[in-house]
Asks: 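Here you go, one structure.
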Amino acid sequence: MDLSLKGQRALVTGANSGIGAGVARALAGAGAAVVVNYVANHEVADAIVEEIESQGGKAMAIQADVAKEDQVQAMFRQMIEAWGSIDILVNNAGLQRDFSFHEMPLKDWQFVLDVNLTGQFLCSREAIREFLRRGIKPELSVALGKIICMSSVHDIIPWGGHVNYAASKGGVMLMMKSLAQEYGARRIRVNSICPGAIKTPINTEAWDTPEAERELLRLIPYKRVGVVEDIGKAAVFLASDASDYMTGTNLYVDGGMTLYPGFEAGG
């Protein structure tokens with residue numbers, strides 16, 4: 001199976017921490033030149049670029065808030081001016097603002113939707129515009145372009161206390177499928193990765209003690225908490241021609257969290 005991304009150019013949003021950083025490293029390891037997008041903490045993004053370059057890869061950091069149209073467009077212009085085009089977009093940037101629903105301020109509902117859903121819309125729109133402008137490059141890929149939307153098991157699992165987040169991920173799921181349907185004939189592939197419990201700084205309290213991890217594992221039939229490398233491997237596969245017949249697919253990387261583990265002994 002050929003998973004090489006040599007010569008291709010990738011943009012990973014929210015790539016200066018957690019899953020985004022893991023995906024950026026994995027794509028670079030497969031041969032892609034990678035834009036490490038960030039909105040804050042430029043020194044962390046620069047460190048990831050330096051790490052990739054120290055291992056023989058190619059990367060650059062670009063600051064942009066994915067919820068802001070002008071900043072997204074400026075980021076794409078900068079990337080295209082530097083590297084000529086884009087072949088792979090990973091819509092990873094996302095966040096949580098958790099409240100009981102009846103106490104949720106409108107601004108926190110809107111903020112999560114702006115970043116998690118509108119941000120993916122804005123970046124996907126710019127990527128598709130560039131794919132269509134550039135045309136297919138068969139020496140790089142049999143597809144015109146590849147978009148990977150970072151979703152969540154909570155695009156199908158309801159999550160009380162996190163309604164804004166779950167709603168945003170449900171929106172990502174149908175946006176992804178609709179784009180895959182609309183642009184499939186143009187050879188643009190659009191898929192989602194739906195992580196389950198992954199060890200990242202954003203959810204440290206869920207796994208950083210034996211007691212917390214034991215409780216979390218009750219929700220995971222495979223009895224292992226995921227790591228960012230699990231998501232990076234999935235991203236490389238979806239970005240490569242090895243997955244060329246896959247589009248409109250939700251790829252759950254969750255250790256079985258979507259298997260309703262409470263029913264493993266008959267409910």
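Just the heavy atoms: all of them, side chains too, but no hydrogens, waters or symmetry mates, feed the values below.
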Asks: How long is the gap from CG on Leu179 to CG on Leu174, to the nearest 0.5 Å?
Replies: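 Those atoms lie 10.5 Å apart.
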Asks: So Met150 and Val23, side chain to side chain contact (heavy atoms under 4.5 Å, CB included) or not? Walk me through it.
Replies: CA-CA 10 Å; Met150 201 61 67; Val23 168; 4.1 Å; yes
Asks: Using the salt bridge (charged side-chain N to carboxylate O under 4.0 Å, His left out) rule, collect all pairs that involve residues 25-37, keeping only residues at least two apart or in two chains.
Replies: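 For residues 25-37: Arg25-Glu51.
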Asks: Considering residues at least two apart in sequence or located in another chain, which fulfil the salt bridge (charged side-chain N to carboxylate O under 4.0 Å, His left out) criterion with Arg214?
Replies: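 So Arg214 forms no salt bridge (charged side-chain N to carboxylate O under 4.0 Å, His left out) with any residue.
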Asks: Among residues two or more places apart or on two chains, list those pairs meeting ring pair (Phe, Tyr, Trp, His ring centres under 6.0 Å) that have a residue in residues 59-102.
Replies: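 Not a single pair qualifies under ring pair (Phe, Tyr, Trp, His ring centres under 6.0 Å).
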Asks: List for me each residue that meets side chain to side chain donor-acceptor pair (under 3.5 Å) alongside Arg125, sequence neighbours excluded, and say none if there are none.
Replies: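 Partners of Arg125 by the side chain to side chain donor-acceptor pair (under 3.5 Å) criterion, ordered by chain and then number, come out as Glu69.
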Asks: Counting distance only, does the side-chain N/O of Arg189 pair as donor-acceptor with the main-chain N or O of Leu238 below 3.5 Å?
Replies: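 At least one qualifying donor-acceptor pair exists.
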Asks: By the side chain to side chain donor-acceptor pair (under 3.5 Å) test, which pairs, at least two apart or in different chains, include something from residues 218-239?
Replies: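 Matches after skipping sequence neighbours: Glu215-Arg218, Arg224-Asp230.
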Asks: What's the separation between atom SG in Cys149 and atom CE in Met175, rounded to the nearest 0.5 Å?
Replies: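 Rounded to the nearest 0.5 Å, the SG-CE separation comes to 4.0 Å.
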Asks: State whether the side chain of Asn164 and the backbone N or O of Gln110 hold a donor-acceptor pair below 3.5 Å, judged by distance alone.
Replies: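 Side chain of Asn164 to backbone of Gln110: no pair is present.
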Asks: Tell me whether Leu132 shares a hydrophobic cluster with Val142, the cluster being built from Ile, Leu, Val, Met, Phe, Trp, Tyr side chains joined at under 4.5 Å.
Replies: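 Cluster IDs for Leu132 and Val142 differ.
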Asks: Do any pairs count as a ring pair (Phe, Tyr, Trp, His ring centres under 6.0 Å) and have a residue in residues 144-179, sequence neighbours left out, and if so which ones?
Replies: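 As it turns out, the ring pair (Phe, Tyr, Trp, His ring centres under 6.0 Å) pairs with a partner in residues 144-179, which skip direct neighbours, are His154-Trp159, Trp159-His162, Trp159-Tyr165.
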Asks: How would you list, by chain and number, every residue that makes a side-chain contact (heavy atoms from CB on, under 4.5 Å) with Ser178, sequence neighbours excluded?
Replies: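 Here no residue qualifies.
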Asks: Thr13 side chain to Asn91 main-chain N or O, any donor-acceptor pair under 3.5 Å?
Replies: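 Checking the backbone N and O of Asn91 against the side chain of Thr13, no donor-acceptor pair under 3.5 Å is found.
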Asks: Are Phe121 and Val72 connected, step by step, through hydrophobic side chains (Ile, Leu, Val, Met, Phe, Trp, Tyr) whose heavy atoms are closer than 4.5 Å?
Replies: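 Phe121 clusters together with Val72.
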Asks: Using atom types as modelled and distance alone, determine if a side-chain donor or acceptor of Lys146 lies under 3.5 Å from a backbone N or O of Ala239.
Replies: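 Yes; judged by distance alone, with no hydrogens or angles, the pair exists.
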Asks: Only pairs at least two apart or in different chains count here, so list each salt bridge (charged side-chain N to carboxylate O under 4.0 Å, His left out) that has a residue in residues 151-178.
Replies: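 Counting only pairs at least two positions apart or across chains, no salt bridge (charged side-chain N to carboxylate O under 4.0 Å, His left out) contact touches residues 151-178.
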Asks: If hydrophobic clusters are built by linking Ile, Leu, Val, Met, Phe, Trp and Tyr wherever their side-chain heavy atoms come under 4.5 Å apart, do Val36 and Tyr38 end up in the same one?
Replies: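 Different hydrophobic clusters.
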Asks: Give the cluster check for Val12 versus Leu3: same hydrophobic cluster or not, with ILVMFWY residues linked at side-chain heavy-atom distances below 4.5 Å.
Replies: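 The answer is yes; both residues are in one hydrophobic cluster.
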Asks: Are any side-chain N or O atoms of Asn191 and backbone N or O atoms of Gly248, one a donor and one an acceptor, separated by less than 3.5 Å?
Replies: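 Side chain of Asn191 to backbone of Gly248, a donor-acceptor pair under 3.5 Å: yes, one is there.
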Asks: Can you sort out the partners of Ala197 under side-chain contact (heavy atoms from CB on, under 4.5 Å), two or more places apart, ordered by chain and number?
Replies: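 Partners of Ala197 by the side-chain contact (heavy atoms from CB on, under 4.5 Å) criterion, ordered by chain and then number, come out as Leu216, Ile220, Val225, Met257.
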Asks: Hey, does the side chain of Asn37 reach the backbone of Gly14 with a donor-acceptor pair shorter than 3.5 angstrom?
Replies: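 Looks like yes, one N/O pair under 3.5 Å.
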Asks: Which of these passes side chain to side chain contact (heavy atoms under 4.5 Å, CB included) with Asp114: Thr118, Asn116, Val112?
Replies: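 So, applying the side chain to side chain contact (heavy atoms under 4.5 Å, CB included) to Asp114 and each of Thr118, Asn116, Val112, only Thr118 qualifies.
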Asks: Are Tyr252 and Leu217 connected in the hydrophobic side-chain network, where two residues link if heavy atoms are under 4.5 Å apart?
Replies: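 Same hydrophobic cluster.
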Asks: Do you know the tightest heavy-atom contact between Ala127 and Leu89?
Replies: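 Of all heavy-atom pairs spanning Ala127 and Leu89, the closest is CB-CD2, 3.8 Å.
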Asks: Would you compute the distance between atom CD1 of Ile52 and atom CE of Met60 and round it to the nearest 0.5 angstrom?
Replies: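 Answer rounded to 0.5 Å: 12.0 Å.
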Asks: Rounded to the nearest 0.5 Å, how far does CD1 of Ile231 lie from CD1 of Ile19?
Replies: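 Spacing of CD1 (Ile19) from CD1 (Ile231) equals 5.0 Å.
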Asks: Measuring from Lys6:NZ to Ser141:OG, what's the distance to the nearest 0.5 Å?
Replies: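 Lys6 NZ to Ser141 OG: 15.5 Å, rounded to 0.5 Å.
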Asks: Got a sec, which residues hit salt bridge (charged side-chain N to carboxylate O under 4.0 Å, His left out) with Arg77, two or more places apart in sequence or on another chain?
Replies: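 Checked Arg77 against salt bridge (charged side-chain N to carboxylate O under 4.0 Å, His left out); zero matches.
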Asks: Please give the remaining members of the hydrophobic cluster of Val227, linking ILVMFWY side chains under 4.5 Å, ordered by chain and number.
Replies: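 Answer for Val227: none, a lone residue.
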Asks: Going by side chain to side chain donor-acceptor pair (under 3.5 Å), name the pairs with one or both residues in residues 56-68, residues two or more places apart or in two chains.
Replies: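 For residues 56-68, and leaving out neighbouring residues, the side chain to side chain donor-acceptor pair (under 3.5 Å) pairs sorted by first residue read Asp65-Lys68.
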Asks: Hey, is CD on Glu53 packed in by over 12 heavy atoms from elsewhere, all under 6.0 Å?
Replies: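 For Glu53, atom CD is crowded (more than 12 foreign heavy atoms under 6.0 Å).
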Asks: Check whether Asp2 reaches the backbone of Asp241 with its side chain - one donor and one acceptor, N or O, closer than 3.5 Å.
Replies: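 Checked: no pair found.
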Asks: How about CZ on Arg186, more than 12 heavy atoms from neighbouring residues, nucleotides or ligands closer than 6.0 Å, or not?
Replies: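 Result for CZ/Arg186: open.
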Asks: In Å and rounded to the nearest 0.5 Å, what is the CE to OG1 distance from Met176 to Thr249?
Replies: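 One finds 7.0 Å between CE of Met176 and OG1 of Thr249.
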Asks: Is there a donor-acceptor contact under 3.5 Å from the side chain of Asp254 to the main chain of Gly256?
Replies: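 Such a contact is found between Asp254 side chain and Gly256 backbone.
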Asks: Got a donor-acceptor contact below 3.5 angstrom from the Asn16 side chain to the Ala40 backbone?
Replies: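 Side chain of Asn16 to backbone of Ala40, a donor-acceptor pair under 3.5 Å: yes, one is there.
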Asks: I'd like to know if the side chain of Ser243 and the backbone of Phe237 have a donor-acceptor N/O pair within less than 3.5 Å.
Replies: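 Yes: the side chain of Ser243 pairs with the backbone of Phe237.
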Asks: I need the single residue from Val35, Ile80, Asp87, Leu27 that forms a side chain to side chain contact (heavy atoms under 4.5 Å, CB included) with Arg9. Which is it?
Replies: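 One option only clears the test, and that one is Asp87.
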